[in-house]
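Scroll down for the structure; my scribbles are underneath it.
Values in this document were obtained by computation on a predicted structure and should not be read as measured data.
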Amino acid sequence: MAHKVGIVGGDGIGPEVIAQGMRVIEAAGVELDTVDYDLGGQRYLKDGVVLTDEILDEWRALDAIYLGAVGTPDVPPGLIERGLLLRMRFELDLYINHRPFLAPDGSHEFIVVRENTEGTYAGEGGLLRKGTPHEIATQGSVNTRMGVERACRYAFEQATKRRNHVTLVHKTNVLTFSGDLWERTFNEVAADYPNVETAYNHVDAACIYFVEDPKRYDVIVTDNLFGDILTDLGGAVSGGVGLASSANLNPEGVSMFEPVHGSAPDITGQGIANPLAAILSGAMMLEHLGETVAATRIRNACEAVSAETGTTVEMGDKVIAAL
Ligand code: IPM
Ligand code: MN
């Protein structure tokens, strides 16, 4: 039976790279029963719709969601990001953001497990006395025991299928409240995995290690904002953000797959965006759907052409030829 997948091309280069992802999936012989959702900044400018409860209900019945990128400079910053992408992550409880990277020397893959529903992204805070000389802005970080624990548990589970090593990345020397909760929770979960070795890095130090010594990493678990920043860095050091794929997972529900990169309005419509991150995100989706053979073929094909250059469509052609 065909898998039911919702497609959200989104804005900018999003639809361009997702089109290549769909071509490759088809060429790999996997049949998808797709539903297209015209959502993002362009849709908002047309009729004011960002995301509706009805759409969210439809998504809950799908097998997966495949997303390009959202956000456009014509719409105030945050409106689409919060109203569409983050709302999707929160309401579908996509609590794990799983982002794999190839170490720069090609020696191994490491993954960042980014907590995806809490932290500074939760929307806690506000503005007081806005527009006056005495205005105040606060933006708190929300960290629940449940949220931190499920992220840590997922990271340790992943490690057991890999090199049995998990690093907690945080900033416990300054963020003494949230850091304390993360550290204690991490250590308690670690006690359930005696065969998994653990490490801890402050996030600033982790940035150095990402560049200078990524060999030390197998699985990294971290909070939402640190994970956001660290995974752009991960992309940059492992062949460019054009290769960085991700899965937004709800292991008990529907999951969403998207490249790490954004909508790149500066190159939109030129047909030059690298589709490999979107294609690799498609492979993660197929893996999740149980199509492991096709997923592996696509990953290998992407690896074979990753050093090549070309237009968006040409890169799609090359992956298909390498399948
Ligand atoms: C990402 C993106 C999003 C994030 C933006 C678009 C809201 O940067 O998926 O990494 O910050 O999570
Ligand atoms: Mn990001």
Is it true that, when you exclude [X] itself, more than 12 heavy atoms of the residues, nucleotides or ligands shown sit nearer than 6.0 Å to its [atom1]?
X: E81; atom1: CD; value: yes
X: Y44; atom1: OH; value: no
X: E26; atom1: CD; value: no

Exercise for the section: Applying side chain to side chain contact (heavy atoms under 4.5 Å, CB included), run through Y217 and N201 and close with a yes or a no. Expected result: CA-CA 11 Å; Y217 294 126; N201 292 160; 2.6 Å; yes
Practice task
Scan for ring pair (Phe, Tyr, Trp, His ring centres under 6.0 Å) pairs involving residues 115-146, sequence neighbours excluded, and state none if there are none.
Solution key: none
Problem - Worked verdict on N248 versus E258 for side-chain hydrogen bond (donor to acceptor under 3.5 Å, both in side chains) - result: CA-CA 8 Å; N248 294 252; E258 57 164 348; 3.1 Å; yes
Practice task
Take H3 and E31, measure what side-chain hydrogen bond (donor to acceptor under 3.5 Å, both in side chains) needs, and give me the verdict at the end.
Solution key: CA-CA 7 Å; H3 309 282; E31 213 191 308; over 6 Å; no
Practice task
Please determine if D53 and R87 form a salt bridge, counting it only when a charged side-chain N lies under 4.0 Å from a carboxylate O.
Solution key: yes
Handout entry: Test: E109 and R162 ion pair at under 4.0 Å
Key = yes
Transitive ILVMFWY side-chain link [X] to [Y], under 4.5 Å:
X: V24; Y: M284; answer: yes
X: L243; Y: I18; answer: yes
X: V5; Y: V8; answer: no
X: W182; Y: I96; answer: yes
X: M256; Y: L62; answer: yes

With distance as the sole test, does [X] use its side chain to make a donor-acceptor pair with the main-chain N or O of [Y] at under 3.5 Å?
X: E303; Y: N300; value: no
X: T144; Y: G147; value: yes
X: S263; Y: P265; value: no
X: D38; Y: R43; value: no
X: D213; Y: Y209; value: no
X: E287; Y: T292; value: no
X: D218; Y: N164; value: yes

Exercise for the section: With side chain to side chain contact (heavy atoms under 4.5 Å, CB included) as the test, would you mind laying out the steps for L230 and V169 before giving the verdict? Expected result: CA-CA 10 Å; L230 217 44; V169 170; 3.9 Å; yes
Please table the atom pairs, donor to acceptor, closer than 3.5 Å between any side-chain atom in residues 316-323 and protein atoms at least two apart or in another chain.
from	atom 1	to	atom 2	distance (Å)
D317	OD1	R23	NH1	3.1
D317	OD1	R23	NH2	2.7
K318	NZ	E308	OE1	3.1
K318	NZ	T309	O	3.2

Exercise for the section: In sequence, state the C-alpha distance, the side-chain angles, and the governing distance for E115 and T222, and then conclude on side-chain hydrogen bond (donor to acceptor under 3.5 Å, both in side chains). Expected result: CA-CA 6 Å; E115 197 294 319; T222 191; over 6 Å; no
Exercise for the section: Could you check whether the rings of Y154 and H98 sit parallel, tilted or perpendicular, using 30° and 60° as the cut-offs? Expected result: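 Rings of Y154 and H98: perpendicular, over 60°.
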Practice task
Classify the angle between the aromatic ring planes of F101 and F110 as parallel (below 30°), tilted (30 to 60°) or perpendicular (above 60°).
Solution key: tilted
Problem - Derivation of the salt bridge (charged side-chain N to carboxylate O under 4.0 Å, His left out) call for R150 and E118 - result: CA-CA 12 Å; R150 63 188 182 175; E118 304 191 338; 5.3 Å; no
Beyond-backbone contact of [X] with [Y], side-chain heavy atoms, under 4.5 angstrom:
X: N116; Y: N224; result: yes
X: L128; Y: E135; result: no
X: E188; Y: T185; result: no

Handout entry: Point-to-point distance, once rounded to the nearest 0.5 Å, from OG of S246 to NE2 of H261
Key =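 It comes to 9.5 Å.
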Problem - Residues M88, L94; criterion side chain to side chain contact (heavy atoms under 4.5 Å, CB included); working and verdict - result: CA-CA 8 Å; M88 186 187 304; L94 308 176; 4.3 Å; yes
Handout entry: Aromatic ring proximity, centroids under 6.0 angstrom, F257 and Y66
Key =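 For Y66 and F257, the ring centres are not under 6.0 Å apart.
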Exercise for the section: Step through it carefully: locate the ring centre of Y95, locate the ring centre of F90, and say whether they are under 6.0 Å apart. Expected result: no
Problem - Chi angles and distances behind the salt bridge (charged side-chain N to carboxylate O under 4.0 Å, His left out) call for D192, R153 - result: CA-CA 9 Å; D192 291 340; R153 215 164 267 292; 3.2 Å; yes
Exercise for the section: Take T268 and D266 through the test side-chain hydrogen bond (donor to acceptor under 3.5 Å, both in side chains) and record every step on the way to the result. Expected result: CA-CA 6 Å; T268 298; D266 51 326; over 6 Å; no
Exercise for the section: Decide yes or no on side chain to side chain contact (heavy atoms under 4.5 Å, CB included) for N274 and T312, but give the supporting numbers first. Expected result: CA-CA 6 Å; N274 185 348; T312 309; over 6 Å; no
